[in-house]
Amino acid sequence: MAKATFNRPKGTADFLPQDTAIWQHIESTARLLFGDYGFKEIRTPIFESYDVFSRSAGDTSDVVTKEMYDFNDKGDRHMALRPEGTAGVVRAYVENKLYGPEFDKPYKVYYTGPMFRYERPQAGRFRQFHQIGVEALGADSAALDVEVIAMAVDFFQTLGLSNLKVAINSLGDAQSRANYRQALVDYLTPHFDALSADSKARLDKNPLRVLDSKDAQDQVIVAGAPSILDHLTPDSAQRWAQVQALLTALNIDYVVDANMVRGLDYYNDTIFEIMTEDKNLKGAATIGGGGRYAGLVEEFGGPETPGVGFGIGVERLVNLLAAQNVLPEVDTTLDFYVVNIGADTDVVASQTVQAIRAFGYGAERDYLARSPKAQFKSADRAHAKFVVTIGQQELENKTANLKNMTTGEQFAVKLTDLYTDLPNIIEAGEEA
RNA sequence: GCGGUCGUGGUGAAGUGGUUAACACACUGGUUUGUGGAUCCAGCAUUCGCGGGUUCGAUUCCCGUCGACCGCCCCA
């Protein structure tokens, strides 16, 4: 009979104990740092009504039109696994009336958790992936755009990353974009035949996408295209200038990429991406991105409220940390390993590990009745600092044998001392 | 959704249309009747992702499927 085998779903990952330390480190760093910036954690459902995403992310974005994990539940409601974090946060903002006068503005939150997109897995690309994101709702100030960018930069620097590039652009407001879109289409149309097949399709669907085509021929054409930055309305132009002035004032290096667009339709004015220059990670160079949005809160039935936020891809971040060799040191040592010899010692071995743990030290024992040699091997592999051995002899004398694993010295200690006076025993053991 | 490469034990891997699937690491036991990090010895894949086909015979050939990796689209 063939044994049934199961694989994790395509594009998902099991994070094993040797992997999760770095995730915890990233998350705790985010909590600490974002807290300093006044952001508090929000937790929203992993699935929402399908419409929450389709209304917010837009119907020209692939994320919504082709990549959503959607399903009808047993009550025949059309639901979807979240492909991104902003929509759920905005829905919660409106539903809980967080725009009310009793809440400070901007209302600042961060979140962390899995996102789902049905697409072909590849480098830095998964069907279930994880984001750490933030949203600040209710303030239109360019200073807030810059604070959010500054926080992202601060976060990456705190984690020890270097060689990151901050790219910014402005999509302008609705009027700016309408003006520009027309200018761009007017420019591209005469070149239509020379465009790549992809760009031909993009031209009437979402012409701004042509700007960041990777096709070499497209890039030649795009090089002569008008810039969105020349089509900003006075309001948008002023914000754009302010954002750059503030970034400069805060000594944040950035580059303007007038061809940058983002994958979700709700953005306007300031957008940004943070990417690595590392050539080895080109497939997943962008580790975070975000920008300003208007109209989302209204879309969900709330009052006119601007917002700004970003999302960071945690898998990509982990990759980068590994590539730049800035993974945190993890303490792999064990304080005590209790070697127990013979079934009679089972009880006292358990009492001993419990007593040691009660003092706040790590303790492990053997559960398999293995030979002393095998148990010492385990202790060695666990990088135990001390081994406590309890066998028939010790049992009769109500003692234990304490061995300092770095010096190899060992001596007898009374069990009662072990239970009541561990710190002194450790001191004695370290001198041995 | 499109295209390419690949799939042998816990791990890294070699290999062939034909009775025993190299080697290394790891692991387990012994060498030391109760003591680790060294040496030596022994053990460790009835099986080569899964299903089907060709064949006297397939891990090796063919098809399908699932999965991994990479590129495009898109994106974190």
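A note on names: the letters A, B, ... follow the listed sequences, proteins ahead of strands, and every chain is numbered from 1.
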Given [N], is OP1 or OP2 found less than 4.0 Å from the side-chain N or O atoms of [X]?
| X | N | value |
| --- | --- | --- |
| A:Arg262 | B:A76 | yes |
| A:Arg202 | B:C74 | yes |
| A:Arg209 | B:C75 | yes |
| A:Arg381 | B:A26 | no |

Return yes if the base of [N] and the side-chain atoms of [X] contain a donor-acceptor N/O pair under 3.5 Å, otherwise no.
| X | N | answer |
| --- | --- | --- |
| A:Arg120 | B:G71 | no |
| A:Gln375 | B:U35 | no |
| A:Arg117 | B:A76 | yes |
| A:Gln122 | B:G4 | no |
| A:Arg125 | B:C74 | yes |

With a 4.0 Å cut-off on N to O distance, would you call [X] and [Y] a salt bridge?
| X | Y | answer |
| --- | --- | --- |
| A:Arg91 | A:Glu299 | no |
| A:Asp145 | A:Arg239 | yes |
| A:Glu41 | A:Arg43 | yes |
| A:Arg125 | A:Glu315 | no |

Whole angstrom is fine here: how far is it from CG in A:Leu16 over to P in B:G10?
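Checked: the CG to P distance equals 15 Å.
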Roughly, in whole Å, what's the span from CD1 in A:Ile271 to C1' in B:C75?
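The answer, rounded to whole Å, is 14 Å.
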Could you tell me whether [X] contacts a base, only the sugar-phosphate backbone, or nothing, with contacts defined as non-hydrogen atoms closer than 4.0 Å?
| X | answer |
| --- | --- |
| A:Ala384 | nothing |
| A:Gln392 | base |
| A:Gly11 | sugar-phosphate |
| A:Gln128 | nothing |
| A:Ile312 | nothing |

In whole Å, measure the gap between the [atom1] atoms of [N] and [M] for me.
| N | M | atom1 | answer |
| --- | --- | --- | --- |
| B:C41 | B:U47 | P | 30 Å |
| B:U59 | B:C48 | P | 6 Å |
| B:U39 | B:U32 | C1' | 13 Å |
| B:A26 | B:A68 | C1' | 23 Å |
| B:C75 | B:G7 | C1' | 28 Å |
| B:U20 | B:U35 | P | 41 Å |
| B:G53 | B:U60 | P | 14 Å |
| B:A42 | B:C25 | P | 14 Å |

Where the side chain of [X] is concerned, which of [options] is the nearest nucleotide?
| X | options | value |
| --- | --- | --- |
| A:Phe376 | B:U35, B:C73, B:A76 | B:U35 |
| A:Phe129 | B:G29, B:A76, B:U35 | B:A76 |
| A:Gln393 | B:G34, B:G67, B:A76 | B:G34 |
| A:Arg316 | B:C75, B:G34, B:U28 | B:C75 |
| A:Arg370 | B:C66, B:U28, B:G34 | B:U28 |

Report, one pair per line, the protein and nucleotides 37-42 of chain B atoms (nitrogen or oxygen only) whose separation is under 3.5 Å.
from, atom 1, to, atom 2, distance (Å)
B:G37, O4', A:Asp380, OD2, 3.1

Please determine, for [N], whether a Watson-Crick or G-U wobble partner exists with both distances under 3.5 Å, and give it or none.
| N | result |
| --- | --- |
| B:U5 | B:A68 |
| B:U47 | none |
| B:U19 | none |

Name the orientation class of the two ring planes belonging to A:Phe310 and A:Phe272 (parallel below 30°, tilted from 30 to 60°, perpendicular beyond 60°).
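Perpendicular: the ring planes of A:Phe310 and A:Phe272 meet at over 60°.
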Which word best sums up how the rings of A:His78 and A:Tyr50 line up, parallel for under 30°, tilted for 30 to 60°, or perpendicular for over 60°?
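Taking A:Tyr50 first and then A:His78, their aromatic rings lie parallel (interplane angle under 30°).
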Going by heavy atoms in the side chains, are A:Phe129 and A:Arg117 under 4.5 Å from each other?
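A side-chain contact under 4.5 Å exists here.
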Heavy-atom side-chain proximity of A:Arg82 to A:Thr44 below 4.5 angstrom
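They are in contact (side-chain heavy atoms under 4.5 Å apart), so the answer is yes.
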Of A:Glu394 and A:Gly289, whose closest RNA chain B nucleotide lies nearer the 5' terminus?
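Counting from the 5' end, the first nearest nucleotide belongs to A:Glu394.
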Roughly how far apart are A:Asp344 CG and A:Leu395 CG, rounded to 0.5 Å?
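These two atoms lie 6.5 Å from each other.
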For residues A:Asp154 and A:Thr158, is any side-chain donor paired with an opposing acceptor at under 3.5 Å?
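Distance-only check passes for A:Asp154 and A:Thr158.
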